[in-house]
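A quick write-up on the structure given underneath.
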Amino acid sequence: MNVLLVGSGGREHALAWKLRQSPLLTRLVVAPGNPGIAALAELADVKVTDVAGLVALARQMAADLVVVGPEAALEVGLADALAEVGIACFGPTKAAARLETSKGFTKAFAERHGVPTAEYGEFTDGGEAKAALDRFTPPYVIKADGIAAGKGVVIAADRAQAEQAIDDMLGGQFGTAGSRLVIEAFMTGEEASVFALCDGRTARLFGAAQDHKRVGDGDTGPNTGGMGAYSPAPVMTPALLEEVRTRMIDATVAGMAAEGTPYCGVLYAGVMVTPEGPKLVEYNARFGDPECQVLMLRLASDLLPYLLACAEGRLAEMPPLEWRDETALCVVMAAPGYPEAPVTGSRIRGTEADFGPEVTIFHAGTRRDAAGDLRASGGRVLNVCARDADVAEARRRAYAAVDALDWPEGFCRRDIAWRALSR
Ligand code: GLY
């Protein structure tokens with residue numbers, strides 16, 4: 001099979017690494033990819049939002065399947081454009097991807113279909129939004145409706161901060177993504193990420209992971225795209241996972257089909273385990289990054305036939321997924337200044353050393369310079385991943401690899417998986 005994979009981060013490096021192992025794979029092209037992916041696939045210099053360019057590339061390489069990594073490609077309708085030319089795509093249409101691209105859509109959808117989530121209100125008018133704060137208690141959760149580079153959620157400690165956040169968002173802080181906003185009740189509990197493969201009618205759970213959103217040890221500092229992850233996540237017990245499957249995932253896939261926007265691709269549920277049970281924090285229409293990296297390390301089954309079955313509406317025919325009975329853990333190494341103002345350009349050495357079969361390093365924001373040296377080119381730069389019999393051993397292996405790398409400027413959190421280890 002010829003596969004086109006769209007994206008350039010650690011998530012796509014992990015997907016390429018797993019797809020490369022498939023005996024069904026003939027040709028793998030990644031657009032635009034990164035230097036780590038270049039060792040596994042052909043790279044094509046086409047941007048993830050260049051729909052016409054990606055469709056032309058898929059046709060020219062006779063792609064049997066296009067796998068979409070980032071939400072940016074979904075938001076501009078890549079899956080719709082591929083459907084028009086009859087190319088199978090793992091990733092939802094623009095309308096179905098509203099589960100990620102519109103917080104207001106998802107809250108209303110959850111209400112229509114009985115998906116458990118926090119009370120909310122949706123606003124385009126600042127006065128109405130501020131008056132509605134009376135219905136909530138601090139801390140106030142204010143969310144821009146659209147995609148705002150992971151920065152569109154404000155947890156305001158008091159009313160003054162909440163009103164400021166409302167003014168900022170409606171005043172254009174996030175462009176059109178903030179011209180509509182959602183206020184919702186604050187949820188207490190532990191958060192985890194739950195994944196499901198979906199083919200429009202059927203869903204299959206694809207594991208759970210726990211991410212670390214804050215930049216600093218002890219969950220301090222600003223929010224990031226994710227500083228590390230591990231899977232499985234002990235907080236997601238089999239009973240809770242079953243509840244998430246029936247009350248969130250299955251209800252959502254059935255609801256999307258009934259509303260004429262069937263959901264195909266991976267559905268990523270951010271779930272808060274509250275004292276009243278699991279509640280939906282948000283949906284994403286893609287794999288999490290770095291959660292995907294740890295899922296790929298744990299997956300024993302061949303990924304490719306499952307992604308194709310989703311794209312072709314045949315997921316129900318597939319045998320159960322098989323997983324390694326191990327924990328996988330990922331430490332994200334970032335450029336100094338991340339997330340506010342990452343300083344790029346520093347040289348990285350040592351990524352190609354042999355760390356043994358349990359350790360895998362995925363590239364995110366890297367590039368090669370004219371001399372062929374590896375340089376940091378983004379905020380999150382490397383994903384140092386390991387798997388082992390338990391979370392403590394996986395963590396020990398991952399940090400040993402981090403410490404062996406020669407990148408003095410890079411930094412990471414030193415406490416990945418602290419929740420699992422403190423149980
Ligand atoms: N790691 C969080 C995300 O992918 O959105």
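In this chain, residues are counted from 1 in sequence order. The model shown is predicted, which means the values in this text are computed figures rather than measured ones. These values consider heavy atoms only, across backbone and side chains, with no hydrogens, waters or symmetry-generated copies. In each ligand, atom 1 is the first atom listed, and ligand 1 is the first ligand listed.
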Result block: side-chain N/O donor-acceptor pairs under 3.5 angstrom for residues 249-273, not counting sequence neighbours:
{"unit_1": "Asp250", "atom_1": "OD2", "unit_2": "Arg245", "atom_2": "NH1", "d": "2.8"}
{"unit_1": "Thr252", "atom_1": "OG1", "unit_2": "Met248", "atom_2": "O", "d": "2.6"}
{"unit_1": "Thr252", "atom_1": "OG1", "unit_2": "Tyr283", "atom_2": "OH", "d": "2.7"}
{"unit_1": "Glu259", "atom_1": "OE1", "unit_2": "Arg112", "atom_2": "NH2", "d": "3.0"}
{"unit_1": "Glu259", "atom_1": "OE2", "unit_2": "Arg112", "atom_2": "NE", "d": "2.8"}
{"unit_1": "Glu259", "atom_1": "OE2", "unit_2": "Arg112", "atom_2": "NH2", "d": "3.3"}
{"unit_1": "Glu259", "atom_1": "OE2", "unit_2": "His113", "atom_2": "NE2", "d": "2.6"}
{"unit_1": "Thr261", "atom_1": "OG1", "unit_2": "Met256", "atom_2": "O", "d": "3.4"}
{"unit_1": "Tyr263", "atom_1": "OH", "unit_2": "Val266", "atom_2": "O", "d": "2.7"}
{"unit_1": "Tyr263", "atom_1": "OH", "unit_2": "Ala285", "atom_2": "O", "d": "3.4"}
{"unit_1": "Tyr268", "atom_1": "OH", "unit_2": "Glu291", "atom_2": "OE2", "d": "3.0"}

Review point. Hey, which atoms in ligand 1 end up nearer than 4.0 Å to a heavy atom of Glu291?
Key: 1 (N), 2 (C), 4 (O)

Check your understanding: For ligand 1, which atoms sit closer than 4.0 Å to a heavy atom of Asp211?
Key -> 1 (N), 2 (C)

Revision key, fill the gap. Atoms of ligand 1 under 4.0 Å from any heavy atom of Gly225, numbered from 1 in the order shown, are 1 (N), 2 (C)

Study note, to complete from the structure: If we number the atoms of ligand 1 from 1 as shown, the ones under 4.0 Å from a heavy atom of Arg286 are 3 (C), 4 (O), 5 (O)

Check your understanding: Does a side-chain N-to-carboxylate-O contact under 4.0 Å join Glu184 and Lys107?
Key -> yes

Practice item. Any chance you could lay out the side-chain contact (heavy atoms from CB on, under 4.5 Å) test for Arg214 and Met227, step after step, and finish with the verdict? Key: CA-CA 7 Å; Arg214 302 296 191 104; Met227 293 299 291; over 6 Å; no

Point to revise | Numbered atoms and elements of ligand 1 in range of Gly288, under 4.0 angstrom, heavy atoms | key: 4 (O)

Review point. Between Phe287 and ligand 1, is there a nitrogen or oxygen pair with a distance under 3.5 Å?
Key: no

Exercise for review: State which residues pass salt bridge (Lys or Arg N to Asp or Glu O under 4.0 Å) with Arg314; sequence neighbours excluded, sorted by chain then number.
Suggested key: Glu312, Glu317

Check your understanding: Looking at His13, Arg11, Gln293, which one forms a side chain to side chain donor-acceptor pair (under 3.5 Å) with Asn383?
Key -> Gln293

